[in-house]
Amino acid sequence: MSNLIRDAMRQLDELLLDAYRAASGAGALPPDAEPSGVLEIPRDPSNGDFAATHAMAAARAMRRPPREIAGALLAHIKLDGGYFATCGAAGAGFMNFTLSDKWYSDVLRAAEEDGASYGRSDYGGGKRVMVEFVSANPTGPMTIGNARGGVLGDALASVLEMAGYDVRREFYVNDAGNQVELFGKSAAARYMQICLGEDAVRFPENGYHGDDIRELAAEVYGREGDSLAALPESELARRFVEIGIPRNIELMREHLERYRIRFDEWFPESRLHASGYVEDTIRRLTESGLTYESDGALWLKNTALGADKDEVLRRSDGSYTYQAADIAYHRDKFAERGFERVIDVLGADHHGHTVRFGAMMSAPALRSALGVTQGELEFLLMQMVLLKRDGEVVKVSKRTGKALTLNDLLDEISVDACRFFFNAKPDTHLEFDLDLAVRQDSENPVYYVQYAHARICSLIDALGADGHCVPAARDIDAALLREPSERELIKQIALLPEEIVQAARDRDPSRINRYVTELAARFHKFYGACRMRGEREDVLKARLKLADTTRRVVAIGLGVIGVTAPERM
RNA sequence: GUGCCCGUGGCGCAGUUGGAUAGCGCGUCAGACUCCGACUCUGAAGGUCGCAGGUUCGAAUCCUGUCGGGCAUACCA
């Protein structure tokens with residue numbers, strides 16, 4: 001549970017405060033003007049390991065030039081024995097600090113002590129969070145878009161767990177409603193086409209054209225012949241729903257398992273309908289005066305709740321809309337199951353919905369009508385995946401049946417590459433170049449990171465054969481690790497807990513991709529610059545410890561995003 | 001029309017509670033293996049951060065306007 005970056009910053013804050021007190025006590029700076037500022041890690045290492053902006057920020061209040069303030073503070077700062085070795089004023093008034101041997105040593109010790117839980121923290125304070133993601137319609141196979149949502153949701157959940165949240169992963173199964181009906185009708189039509197001929201049966205408008213529907217119909221025909229053809233159309237469609245939907249759900253489960261995603265809960269929409277929970281929810285809204293009837297339908301007074309337009313809850317034919325079920329579903333998340341935070345991962349094409357729905361779910365009137373007393377809803381929107389084939393963008397559509405499915409994709413490229421590749425920043429379009437991705441030996445950056453891990457493993461084996469074991473952190477002298485490449489590597493190792501916290505805070509698990517890539521890069525650089533075999537025993541030991549620590553941190557980082565860390569490649 | 005998201009070297013992207021000379025990968029060019037894995041490393045070229053104003057010690061980052069692209073605006077989910 002250690003975080004040496006934060007520890008160093010905390011210490012630096014105190015040092016600066018003490019320095020100010022000493023300086024103002026000595027009359028070098030005005031009293032009652034305690035400076036505050038930002039502590040940051042400078043981009044350029046020649047500006048030190050940490051920089052403070054306090055002097056610039058205090059310039060106005062103190063009516064002194066920033067450099068003079070910095071000089072006064074630094075003249076009174078006491079660094080001895082702590083995490084900082086040197087300090088100096090630079091630029092417009094920055095105060096720059098370099099880290100001490102003790103800090104570097106403590107990083108390696110902390111990583112060792114924390115073991116497999118290095119990187120974890122209690123930032124989230126055990127708050128109960130649900131991440132709902134994928135939630136693909138069970139009307140067909142999952143698409144590339146689901147592949148992206150799956151990775152993002154799963155990695156986000158992992159990041160939140162590492163950051164100390166109590167996390168549940170949930171898949172909302174839309175096994176009710178119009179799309180499911182359309183699925184049944186589509187399959188029924190395919191079946192009848194087999195019985196009576198393609199041209200004799202009209203295919204439903206907006207029906208599902210996918211091959212999986214034809215296969216389902218053919219399979220049923222193979223088993224039952226045309227014995228079902230006499231059934232009324234609606235009954236036949238219902239039969240296909242009963243057969244096809246559970247099967248599709250099972251397939252999704254299998255494919256997601258293959259993708260290394262497991263949900264704590266598969267929550268069926270149909271349960272909300274069957275238990276009367278939707279009905280009860282809508283009744284509460286009506287009793288609270290939040291609805292009205294028009295044209296035979298029941299409408300939610302959505303505009304009164306902060307949205308841009310009203311919405312239908314119950315259609316004129318008596319059936320409930322998706323909105324109605326979704327309100328009930330989220331009422332269940334907050335009021336019945338007590339989640340303090342719910343994050344829905346959705347495609348950006350749902351953003352119109354999220355704006356309205358988010359406004360509704362935070363509206364006091366609606367919350368009190370539903371008995372929701374706590375909990376906040378947020379959305380993680382991800383932009384579309386653009387498939388590129390032969391340099392051309394191909395649009396994905398479940399309707400036309402021309403989508404490349406998640407499972408197809410996994411037949412062609414490794415789960416590791418897939419997960420790494422899709423874990424990109426959610427708010428930009430992702431270009432997925434199929435021609436590149438289908439190559440097993442592609443230049444995907446995941447190999448770069450995994451290679452670092454494998455390389456360290458064989459390095460440790462090789463040195464082990466020479467009788468060198470990885471030493472304990474207390475048995476090495478970290479002061480021997482003073483090459484720039486060594487220090488840059490240790491600093492990157494120290495950054496993991498902070499990266500996890502930031503990824504959790506920003507709901508951006510793609511930070512971890514960048515983190516492990518940078519970690520691997522720094523290792524490769526270290527590896528090129530520093531040798532072990534043939535070096536002095538104590539130097540060899542220190543470097544071996546550094547390499548082994550790197551290995552473990554690479555594995556932890558890759559683990560967070562669901563990518564394996566192979567010992568050999 | 002209205003709302004949301006995105007415009008950063010040839011391509012793909014980091015960098016947003018405002019910080020120092022705007023970074024990285026791919027590609028291009030030039031180098032490095034009798035060596036703990038060359039699936040690696042080193043160096044170079046390449047930018048008025050879409051454009052125009054504004055805010056201030058300081059702006060890729062904040063504000064306003066504008067242009068370009070995407071998405072959404074169903075008794076679909």
Side-chain angles (χ1 to χ4, degrees), chain A residues 37-38 40 42-44 46-47 51 53 56-57 59-60 65-66 90-94 96 135-137 139 172 174 176-182 206 269 294-299 308-309 311-326 347-356 381-384 386 424-431 433 436 441-445 447-452 454-463 465-466 468 485 505-506 510-511 513-514 517-518 520-521 523-535 540 543-544 547 568-569:
Chain A
V38 179
E40 56 191 20
R43 196 187 307 274
D44 183 349
S46 69
N47 287 324
T53 61
M56 290 180 286
R60 179 173 293 194
F94 287 95
N96 296 335
S135 300
N137 275 337
T139 49
Y172 183 45
N174 298 117
N178 278 342
Q179 296 304 325
V180 169
E181 263 182 49
L182 195 55
N206 297 326
E269 179 185 349
S294 174
D295 302 328
L298 185 72
W299 294 71
D308 56 343
K309 62 194 193 65
E311 278 174 300
V312 172
L313 293 175
R314 195 176 57 223
R315 301 183 190 94
S316 46
D317 69 2
S319 63
Y320 290 106
T321 60
Y322 174 84
Q323 312 297 337
D326 213 21
D349 53 338
H350 288 73
H351 89 255
H353 163 70
T354 64
V355 177
R356 256 169 284 136
L381 291 182
M382 46 160 196
Q383 295 293 329
M384 304 283 94
L386 299 178
K425 207 160 193 186
D427 60 8
T428 51
H429 293 268
L430 181 60
E431 273 191 29
D433 187 338
L436 181 70
D441 61 344
S442 76
E443 292 161 352
N444 197 310
Y447 294 112
Y448 178 80
V449 180
Q450 290 182 315
Y451 175 65
R455 197 181 213 185
I456 300 171
C457 288
S458 68
L459 169 64
I460 290 172
D461 282 350
L463 289 172
D466 292 349
H468 299 291
S485 66
R505 188 199 61 193
D506 297 346
S510 72
R511 293 186 71 105
N513 278 31
R514 276 168 253 130
T517 306
E518 180 65 24
F523 172 75
H524 288 309
K525 206 169 282 190
F526 156 72
Y527 184 86
C530 302
R531 296 193 59 79
M532 292 182 207
R533 273 186 161 158
E535 291 289 334
L540 184 151
R543 288 180 177 165
L544 179 54
R568 245 162 269 289
M569 295 173 72

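Letters A, B, ... are given to chains in the order of the sequence lines, protein chains preceding strands, and every chain is numbered from 1.
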Nearest listed nucleotide, side chain of A:Arg356, among B:C35, B:A20, B:U73 = B:U73
Give A:Tyr527 one of three labels, base, sugar-phosphate or nothing, depending on what nucleic acid heavy atoms sit under 4.0 Å from its own.
-> base
Checking all strands, does A:Asp466 fall into the base, sugar-phosphate, or nothing category for heavy-atom contacts under 4.0 angstrom?
-> nothing
Indicate, with a heavy-atom threshold strictly under 4.0 Å, whether A:Asn47 touches base, sugar-phosphate, or nothing.
-> base
Using only heavy-atom distances, decide whether a donor-acceptor pair under 3.5 angstrom links the side-chain of A:Asn96 to the base of B:A20.
-> yes
Which part of the nucleic acid does A:Ala51 contact within heavy-atom distance under 4.0 Å: base, sugar-phosphate only, or nothing?
-> base
Heavy atoms only: give me the nearest A:Val38-A:Thr53 pair and the separation to one decimal.
-> N-OG1, 2.9 Å
Between B:U16 and B:C62, how far apart are the P atoms? Round to whole Å, please.
-> 10 Å
Do A:Ser316 and B:C75 share a donor-acceptor pair, side chain to base, under 3.5 Å?
-> yes
Look at the side-chain N and O atoms of A:Asn174 and state whether any lies under 4.0 Å from the OP1 or OP2 oxygen of B:A77.
-> no
Minimum-distance nucleotide (side-chain atoms of A:Thr428 versus B:C36, B:C6, B:G19) | B:C6
For A:Ala529, report the nucleic acid contact type (base, sugar-phosphate, nothing); a contact means any heavy atom under 4.0 Å.
-> nothing
Searching all strands shown, indicate the nucleotide that pairs with B:G31 (Watson-Crick or G-U wobble; both distances under 3.5 Å).
-> B:C41
Going by modelled atom types, is there a donor-acceptor pair between the base of B:G37 and the side chain of A:Ser458 at under 3.5 Å?
-> yes
Nearest listed nucleotide, side chain of A:Asp295, among B:C75, B:A77, B:C41 | B:C75
Relative to the 5' end of RNA chain B, which residue comes earlier, A:Leu459 or A:Ser510, by the nucleotide with the nearest heavy atom?
-> A:Ser510
Rounded to the nearest 0.5 Å, what's the gap from CG on A:Leu381 to NE2 on A:His353? Could you check?
-> 10.0 Å
For A:Ala59, which contact category applies under a 4.0 Å heavy-atom criterion: base, sugar-phosphate, or nothing?
-> nothing
From A:Arg356 atom CZ to A:Gln323 atom CD, the distance as rounded to the nearest 0.5 Å = 7.0 Å
Paired with B:C49: which nucleotide, if any, by Watson-Crick or G-U wobble criteria at under 3.5 Å for both distances?
-> none
What nucleic acid atoms does A:His351 come within less than 4.0 Å of, heavy atoms only: base, sugar-phosphate, or nothing?
-> base
For B:C41, does OP1 or OP2 lie under 4.0 Å from any side-chain N or O of A:Tyr448?
-> yes
What nucleic acid atoms does A:Met384 come within less than 4.0 Å of, heavy atoms only: base, sugar-phosphate, or nothing?
-> nothing
How is A:Arg455 classified with respect to the nucleic acid when contacts are heavy atoms under 4.0 Å: base, sugar-phosphate, or nothing?
-> base
Quantified in whole Å, what is the C1' atom distance between nucleotide B:U28 and nucleotide B:G65?
-> 39 Å
Value in whole Å for how far the P atom of B:U40 lies from CZ of A:Phe523 | 13 Å
Touch check for A:Cys530, heavy atoms < 4.0 angstrom, all strands: base, sugar-phosphate only, or nothing?
-> base
P-based separation of B:G43 from B:C35 [nearest Å] | 23 Å
5' priority, RNA chain B, between A:Ser46 and A:Thr517 [closest heavy atom] = A:Ser46
Would a distance-only check, ignoring hydrogens and angles, find a side-chain to backbone donor-acceptor pair under 3.5 Å from A:Asn96 to A:Asn47?
-> yes
Under-4.0 Å side-chain N/O to phosphate OP1/OP2 contact, A:Arg511 with B:A14 | no
Mind checking the C1' distance from B:C49 to B:G7? Whole angstroms is fine.
-> 10 Å
Can you check whether A:Leu313's main-chain N or O pairs, donor with acceptor, with A:Thr321's side chain at less than 3.5 Å?
-> yes
If B:C71 has a Watson-Crick or G-U wobble mate with both distances under 3.5 Å, name it; if not, just say none.
-> B:G3
Closest approach of A:Ser294 and A:Trp299, non-hydrogen atoms and distance?
-> O-NE1, 3.3 Å
Span that lies between the C1' atom of B:U64 and that of B:A59, in whole angstrom | 15 Å
Would you indicate which nucleotide in B:U42, B:A20, B:C5 comes nearest to any side-chain atom of A:Lys525?
-> B:U42
B:U16 pairs with which nucleotide, Watson-Crick or G-U wobble, both distances below 3.5 Å?
-> none
What's the CZ-C1' distance between A:Arg505 and B:U17, to the nearest Å?
-> 8 Å
For A:Val180 and A:Glu269, run side-chain contact (heavy atoms from CB on, under 4.5 Å): C-alpha distance rounded to whole Å, both residues' side-chain angles, the deciding distance at 0.1 Å, then the answer.
-> CA-CA 11 Å; A:Val180 169; A:Glu269 179 185 349; over 6 Å; no
What is the distance from atom OH of A:Tyr527 to atom CZ of A:Arg543, rounded to the nearest 0.5 Å?
-> 12.5 Å
Out of B:A77, B:A20, B:G37, minimum distance to the side chain of A:Pro42 belongs to B:A20
In the strands shown, is B:G9 matched to any nucleotide by a Watson-Crick or G-U wobble pair with both distances under 3.5 Å, and which?
-> none
Using the P atom in both, what is the distance from B:G58 to B:U73, to the nearest Å?
-> 45 Å
From the candidates B:G15, B:C5, B:A77, the one with an atom nearest any side-chain atom of A:Tyr322 is B:A77
Assigned partner base of B:G58, Watson-Crick or wobble definition, under 3.5 Å = none
Ignoring the backbone of A:Asp349, work out which of B:C41, B:C36, B:A72 is nearest its side chain.
-> B:A72
Scan A:Gly352 against the nucleic acid and name what it touches under 4.0 Å (heavy atoms): base, sugar-phosphate only, or nothing.
-> sugar-phosphate
Ignoring backbone atoms, establish whether A:Arg315 has a side-chain N or O less than 4.0 Å from OP1 or OP2 of B:A77.
-> yes
Interatomic distance, A:Glu518 atom CD to A:Lys525 atom NZ [nearest 0.5 angstrom] = 7.5 Å
Could you check whether A:Glu518 gets within reach of a base, just the sugar-phosphate, or nothing at all, counting any heavy atom under 4.0 Å?
-> nothing
Side chain of A:Tyr451 - closest among B:A77, B:A38, B:C36 | B:A38
CZ of A:Arg531 versus C1' of B:C41: gap in Å, rounded?
-> 13 Å
Mind checking A:Asp506 for me? I need base, sugar-phosphate or nothing, with any heavy atom below 4.0 Å counting as a touch.
-> nothing
Phosphate OP1/OP2 of B:A77: any A:Asn137 side-chain N/O under 4.0 Å = no
What integer number of Å spans the C1' atoms of B:A20 and B:G12?
-> 28 Å
If you measure only the distance, is there a donor-acceptor pair under 3.5 Å linking the side chains of A:His524 and A:Arg455?
-> yes
Same-atom distance (C1') from B:G47 to B:U21, integer angstrom = 13 Å
What do you reckon, do A:Phe94 and the base of B:A20 stack, with centroid distance below 5.5 Å and planes below 30°?
-> yes
